[in-house]
Amino acid sequence: MRQAGIYGLGSYTKGRQVSNKAFEETLDTSDEWIRSRTGIEQRVFADDEVNTSDMSYHAAKEALAHADMSADELDLIIVSSVTGDYKFPSVSSLIQERLGAKNAAAMDIGAACAGFVYGVVTASQFIQTGTYDKVLVVGAEKLSKILDFNDRNTAVLFGDGAGAAIVGPVSANRGIQSFELGANGAGAEHIKADPLIQMNGREVFKFAVRQMGDTCMNLVEKANLTKDDVDFLVPHQANIRIMEAARERLQLPKEKMAATVHKYGNTSAASIPIALVEELKNGKIKDGDLVVMVGFGAGLVWGGIALYWGR
Ligand code: UT7
């Protein structure tokens with residue numbers, strides 16, 4: 001079996017930067033509460049005319065350029081989103097046309113905030129078996145479309161954005177070493193959109209703290225490694241307290257965890273690839289590093305990947 005890894009990353013984080021203070025005018029909340037309970041200082045809301053497919057397209061273009069590839073080399077496009085432009089057609093079909101990826105199949109998957117991890121794992125199966133060579137995986141959300149701006153429990157938590165990765169074959173000592181995907185539909189009522197987001201934050205919080213840590217430990221064990229081998233943690237950026245709990249389970253120092261939640265809030269499926277882009281630019285992720293990505297979200301679902309970075 002071939003090794004599958006990530007090369008080429010891109011993101012889209014443009015829009016209106018909205019401070020916590022802005023919510024104080026309309027909701028019974030405060031900058032102090034939001035910062036201390038979540039780590040969020042601001043979020044970005046995409047411009048009105050920018051939809052999920054637009055953000056996906058721009059992130060994908062950047063990922064293709066970063067991978068030094070043209071769109072017609074793509075065999076498959078997977079977009080993970082809970083805020084697609086339409087019920088159908090899929091976001092992946094919309095960007096297939098726009099990118100000119102004429103040889104690519106296209107599908108959207110829904111695994112909420114774990115969606116990027118689900119997408120990369122799905123892509124990796126095609127790569128490992130040799131069925132496909134290059135798969136574009138996008139996590140993109142315009143959550144501002146489905147936020148209830150009258151509900152302080154959810155309105156202050158989320159933001160918009162997109163991240164994209166090219167998944168393809170890598171050398172034997174790089175790429176995915178282990179993964180875990182999971183679901184517990186018994187917790188489905190704790191976070192849903194019907195049509196606006198509703199959430200039992202405390203229940204999701206408890207689940208997330210336990211599951212993020214457990215998944216991190218399972219990933220290193222499945223890869224026949226130990227937590228001391230982990231070089232960098234990229235958790236889903238939902239709440240700094242949940243992220244810190246995962247970091248503490250791995251006993252990693254602060255500087256070995258990606259943290260962008262203060263700038264973007266929770267961007268659901270986009271949060272992990274956006275964080276990857278930023279930490280790669282910051283030089284925090286280096287060739288050969290063992291990187292652990294882990295996410296959780298509505299479903300309830302979770303997913304994680306341990307991979308050696310690089311080609
Ligand atoms: O990607 C997955 C998406 N979901 C998540 O990641 C959410 C996971 N959960 C969380 O991040 C946290 O549970 C929250 C940030 C949502 C809440 O933090 P908490 O420390 O768990 O607070 P809590 O739910 O225990 O609520 C404490 C109080 C409540 O008031 P009462 O019932 O104690 O009077 C809330 O009504 O804080 C209140 N509250 C707020 N107060 C000011 C809730 N939201 C706000 C707010 N401003 N925005």
Side-chain angles (χ1 to χ4, degrees), residues 18-43 80-83 110-119 139-163 181-185 187-194 196-213 215 234-247 258-262 264-275 293-304:
V18 178
S19 68
N20 292 343
K21 275 243 171 280
F23 288 89
E24 291 180 3
E25 290 162 25
T26 51
L27 290 173
D28 180 16
T29 188
S30 66
D31 176 44
E32 209 291 308
W33 190 96
I34 302 168
R35 264 175 214 259
S36 62
R37 298 296 182 107
T38 71
I40 297 166
E41 294 170 16
Q42 60 161 52
R43 72 287 297 135
S80 178
S81 183
V82 294
T83 51
C113 305
F116 179 75
V117 171
Y118 265 73
E141 304 289 3
K142 191 174 185 185
L143 291 163
S144 56
K145 289 194 293 193
I146 58 164
L147 278 183
D148 180 351
F149 286 101
N150 297 313
D151 179 10
R152 68 175 184 176
N153 291 298
T154 51
V156 303
L157 302 178
F158 298 94
D160 301 335
L181 300 180
N184 180 4
E189 82 272 18
H190 294 319
I191 172 167
K192 61 180 178 192
D194 182 29
L196 302 180
I197 297 180
Q198 308 156 28
M199 184 174 70
N200 180 348
R202 203 171 291 179
E203 285 303 319
V204 179
F205 188 92
K206 282 192 289 190
F207 152 76
V209 165
R210 186 182 16 114
Q211 194 59 56
M212 295 279 273
T215 299
V234 187
H236 169 45
Q237 309 280 308
N239 182 322
I240 192 74
R241 290 153 55 210
I242 299 171
M243 295 156 55
E244 289 293 348
R247 182 176 69 75
T260 60
V261 67
H262 60 291
Y264 305 121
N266 180 349
T267 59
S268 189
S271 93
I272 290 178
I274 289 173
M293 300 180 247
V294 61
F296 68 93
L300 299 164
V301 295
W302 65 92

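Both ligands and their constituent atoms are indexed starting at 1 by order of listing. Worth saying up front: this structure is predicted, and the values here are computed from it rather than measured.
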Any idea which atoms of ligand 1 are less than 4.0 Å away from a heavy-atom of [X]?
X      : result
Cys113 : 1 (O), 2 (C)
Asp28  : 42 (C), 47 (N)
Thr38  : 15 (C)
Asn153 : 36 (O), 43 (C), 44 (N)
Ile191 : 3 (C)
Asn239 : 10 (C), 11 (O), 12 (C), 15 (C)
Arg37  : 19 (P), 20 (O), 22 (O), 27 (C)
Phe296 : 2 (C), 6 (O)

Going through the distances and angles, do His190 and Phe207 end up as a ring-ring contact (aromatic ring centres under 6.0 Å, His included)? CA-CA 10 Å; His190 294 319; Phe207 152 76; 8.9 Å; no
Looking at every non-hydrogen atom in both residues, tell me the closest pair between [X] and [Y] and how far apart they are.
X      : Y      : answer
Thr267 : Gly161 : CG2-N, 4.4 Å
Asp148 : Thr154 : O-OG1, 4.3 Å
Met212 : Ile242 : CG-CG2, 4.1 Å
Met199 : Leu157 : CE-CD1, 3.4 Å
Gly163 : Ala270 : N-CB, 4.1 Å

Classify the angle between the aromatic ring planes of His236 and Phe296 as parallel (below 30°), tilted (30 to 60°) or perpendicular (above 60°). perpendicular
Which protein non-hydrogen atom lies closest to [atom], naming both residue and atom, and how far is it?
atom                    : value
atom 47 (N) of ligand 1 : Thr29 OG1, 2.6 Å
atom 18 (O) of ligand 1 : Arg241 NH1, 3.8 Å
atom 9 (N) of ligand 1  : Gly201 O, 3.0 Å
atom 30 (O) of ligand 1 : Arg152 NH2, 4.1 Å
atom 3 (C) of ligand 1  : Asn266 ND2, 3.5 Å
atom 17 (C) of ligand 1 : Trp33 CH2, 3.9 Å

Mind jotting down which residue pairs meet the salt bridge (charged side-chain N to carboxylate O under 4.0 Å, His left out) criterion with at least one end in residues 202-212? Sequence neighbours excluded, please. Glu203-Lys206
Under 4.0 angstrom from [atom], is there any protein heavy atom?
atom                    : result
atom 12 (C) of ligand 1 : yes
atom 6 (O) of ligand 1  : yes
atom 22 (O) of ligand 1 : yes
atom 28 (C) of ligand 1 : no

Does [X] approach ligand 1 within less than 4.0 angstrom via side chain, backbone, both or neither, non-hydrogen atoms only?
X      : value
Phe205 : both
Leu27  : neither
Val156 : side chain

Answer whether the closest heavy-atom distance between the side chains of [X] and [Y] falls below 4.5 Å.
X      : Y      : result
Ser30  : Glu24  : yes
Val301 : Tyr118 : yes
Arg43  : Asn20  : yes
Thr260 : Ser271 : no
Val117 : Trp302 : no

Identify, with sequence neighbours excluded, every residue that meets salt bridge (Lys or Arg N to Asp or Glu O under 4.0 Å) alongside Arg241. none
Which is closest to atom 4 (N) of ligand 1 in terms of heavy atoms, Met199, Met243, Glu24? Met199
To which of Arg202, Glu32, His236 does the heavy atom nearest atom 24 (O) of ligand 1 belong? Arg202
